[in-house]
Novice: 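Dropping a structure here in structure tokens format, bear with me for questions.
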2 protein chains.
Amino acid sequence: MFDQFRNKFPLTDEKWNEYISYFNYIEVPAKTVLIEEGEISKKLFIIEKGCIRVWFNNNGKDLTSQFFFENQSVASIESFMKQFPSPVVVETIEPSILWWISKNHVDKILEEIKEIPELRDRLINMLFQRTFDYMKHFFSFIKDSPTQRYLDLIKEKPQIVQRVPQHYIASYLGVSTVHLSRIKSKLIHKKE
Amino acid sequence: MFDQFRNKFPLTDEKWNEYISYFNYIEVPAKTVLIEEGEISKKLFIIEKGCIRVWFNNNGKDLTSQFFFENQSVASIESFMKQFPSPVVVETIEPSILWWISKNHVDKILEEIKEIPELRDRLINMLFQRTFDYMKHFFSFIKDSPTQRYLDLIKEKPQIVQRVPQHYIASYLGVSTVHLSRIKSKLIHKKE
DNA sequence: GGTAGACGATAACATTTGTTATCAAATAAA
DNA sequence: TTTATTTGATAACAAATGTTATCGTCTACC
């Protein structure tokens with residue numbers, strides 16, 4: 001699992017092995033809640049196999065903010081970084097194989113990494129990149145119609161459309177399940 | 001202008017004076033375009049007095065993404081950091097007094113700052129914080145009604161409601177000017 | 001002072017989207 | 001296999017929001 005990333009990190013073998021020894025292997029069924037709403041998140045997950053959804057409860061309505069797949073890391077990021085109650089639920093969609101690492105160990109790694117200029121700069125770039133990604137996602141909400149957002153999703157994140165049940169996609173796009181059905185139906189009839 | 005920030009930066013007086021010498025003073029009237037759409041942004045601005053709007057053009061429609069006021073720094077941030085064409089326009093709303101600094105100088109300062117652990121960590125925290133702010137803004141779009149977003153705006157950013165013309169606020173909230181008028185009107189009648 | 005432009009309210013109508021309910025198909029569990 | 005659960009489509013109606021047009025007020029500028 002971790003070997004594929006080995007060459008991306010200019011670390012000694014000792015450090016590398018120390019870091020990967022912090023990770024714990026688990027297998028979980030579909031619909032397993034990994035982090036509950038209100039919980040202070042102490043774990044960050046890496047997905048070896050499977051699919052995870054991050055969502056929050058808005059007056060009983062299920063609102064999905066992100067999906068994650070193989071080789072991505074997942075956490076209730078604000079809760080994990082700042083140690084306050086998680087506003088979101090982190091939950092598997094498919095049966096999944098995961099590796100998790102504790103907050104303490106991540107902090108330790110981060111502190112050490114910051115002293116290595118190359119990795120420090122990469123962390124900073126990653127944070128910039130994340131901001132840009134959020135901006136992009138955010139802009140699409142104000143400027144595009146749900147139909148356009150659905151078309152973009154098919155184009156840019158086909159995995160989501162293929163692997164995720166449609167009502168989760170609706171909650172991700174910010175429309176009702178009924179309306180997403182309508183959108184799909186209209187798209188099909190236009191094509192013909 | 002810069003003295004008020006002096007004690008926040010653990011720098012020698014020489015460094016501090018060098019850094020502030022990079023800034024250039026300008027005064028501009030209302031509706032001055034500081035960065036055009038498509039331009040590669042070379043400047044970052046700090047507002048001494050006035051108010052700035054960042055917006056982008058979506059099929060002829062004016063969509064506002066952010067407002068900035070006194071003591072805030074403004075740039076077409078993706079364009080400035082990555083040097084690609086700016087997707088947004090940066091424009092004054094009121095007559096403004098500004099200080100700008102060039103990309104080269106910012107890069108120089110950032111490189112030097114990264115070597116000072118306290119400032120480096122503050123930069124990293126700032127980037128995390130920015131991500132969280134974007135997430136928050138983004139979430140409010142999917143979970144709240146325009147009426148709720150307007151009420152939040154009054155509560156959390158009263159400056160915007162007070163100083164910014166209403167049609168810009170509508171474009172910031174993602175609704176038509178007519179609809180924002182309706183929202184205001186309904187709120188007034190409910191209160192009575 | 002007068003005039004043009006910017007700004008905001010409102011009405012009438014069109015379009016989009018949500019809600020509730022029902023049904024059918026697929027899937028998982030027993 | 002049988003049954004329950006999940007998933008998705010569709011119809012009918014309600015609510016939210018956009019569009020276009022008109023009008024009044026205010027402000028900047030000549």
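Computed from heavy atoms alone, side chains included, the values below leave out hydrogens, waters and symmetry copies. Convention: sequence-line order gives letters A, B, ...; per-chain numbering from 1.
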Novice: Checking B/D152 against B/K157 for the salt bridge (Lys or Arg N to Asp or Glu O under 4.0 Å) test, could you report, in this order, the C-alpha distance in whole Å, the side-chain angles of both residues, the deciding distance, and whether it holds?
Specialist: CA-CA 8 Å; B/D152 287 351; B/K157 302 182 181 173; over 6 Å; no
Novice: Which of these passes side-chain hydrogen bond (donor to acceptor under 3.5 Å, both in side chains) with B/Y19: B/K108, B/E112, B/H105?
Specialist: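 Exactly one pass, corresponding to B/E112.
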Novice: Looking at B/R182 and D/dG18, is any side-chain donor or acceptor paired with a base atom of the opposite kind under 3.5 Å?
Specialist: yes
Novice: Are side-chain N/O atoms of B/Q166 and B/K184 paired as donor and acceptor at under 3.5 Å?
Specialist: yes
Novice: Can you list every pair that meets ring pair (Phe, Tyr, Trp, His ring centres under 6.0 Å) and has a residue in residues 144-171 of chain A, with sequence neighbours left out?
Specialist: none
Novice: Have a look at the helix from C/dG1-D/dC30 to C/dA30-D/dT1 and give the angle its two end axes make, five pairs each, rounded to 10 degrees.
Specialist: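 Inter-axis angle at the termini of the helix from C/dG1-D/dC30 to C/dA30-D/dT1: 50°.
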Novice: Would you mind reading off the distance between A/D144 atom CG and D/dG18 atom P, rounded to a whole angstrom?
Specialist: 15 Å
Novice: Under a single-linkage rule joining Ile, Leu, Val, Met, Phe, Trp and Tyr whose side-chain heavy atoms are separated by less than 4.5 Å, which residues share a cluster with A/I40?
Specialist: none
Novice: Counting only N and O atoms by type, is there a donor-acceptor contact under 3.5 Å from the side chain of A/T92 to the main-chain atoms of A/T32?
Specialist: yes
Novice: Atom CG of A/L187 and atom C1' of D/dG8: how far apart are they, to the nearest Å?
Specialist: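 Result: 16 Å.
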Novice: Once ring pair (Phe, Tyr, Trp, His ring centres under 6.0 Å) is applied, what residue pairs with a partner in residues 63-92 of chain B remain, sequence neighbours excluded?
Specialist: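 Counting only pairs at least two positions apart or across chains, the ring pair (Phe, Tyr, Trp, His ring centres under 6.0 Å) contacts touching residues 63-92 of chain B are B/F67-B/Y172.
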Novice: Could you tell me if the side chain of B/H137 sits less than 4.5 Å from the side chain of B/R149, heavy atoms only?
Specialist: no
Novice: Between atom CG in A/L180 and atom P in D/dT10, what is the gap in whole Å?
Specialist: 12 Å
Novice: When you compare the side chain of B/V33 with that of B/V90, does any pair of heavy atoms fall below 4.5 Å?
Specialist: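 No, too far: nothing below the 4.5 Å cut-off.
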Novice: What is the distance from CD1 of B/I183 to P of D/dA16, rounded to the nearest Å?
Specialist: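 In whole Å, D/dA16 P and B/I183 CD1 are 11 Å from each other.
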Novice: Do A/V164 and A/C51 have side-chain heavy atoms sitting under 4.5 Å apart?
Specialist: yes
Novice: Mind running a 4.0 Å heavy-atom check of residues 160-179 of chain B against DNA chain D and sending the residues that fall below it, in number order?
Specialist: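 Those residues whose heavy atoms fall under 4.0 Å from DNA chain D, taken from residues 160-179 of chain B in numerical order, are B/G174, B/V175, B/S176, B/V178, B/H179.
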Novice: For DNA chain C, note the earliest and the latest nucleotide, 5' to 3', having some atom under 4.0 Å of a heavy atom belonging to chain A.
Specialist: C/dT17 to C/dT20
Novice: Determine, for B/Y134 and A/R130, whether the Lys NZ or Arg CZ falls below 6.0 Å from the six-membered ring centre while staying within 45 degrees of the axis.
Specialist: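 Output no; distance or angle outside limits.
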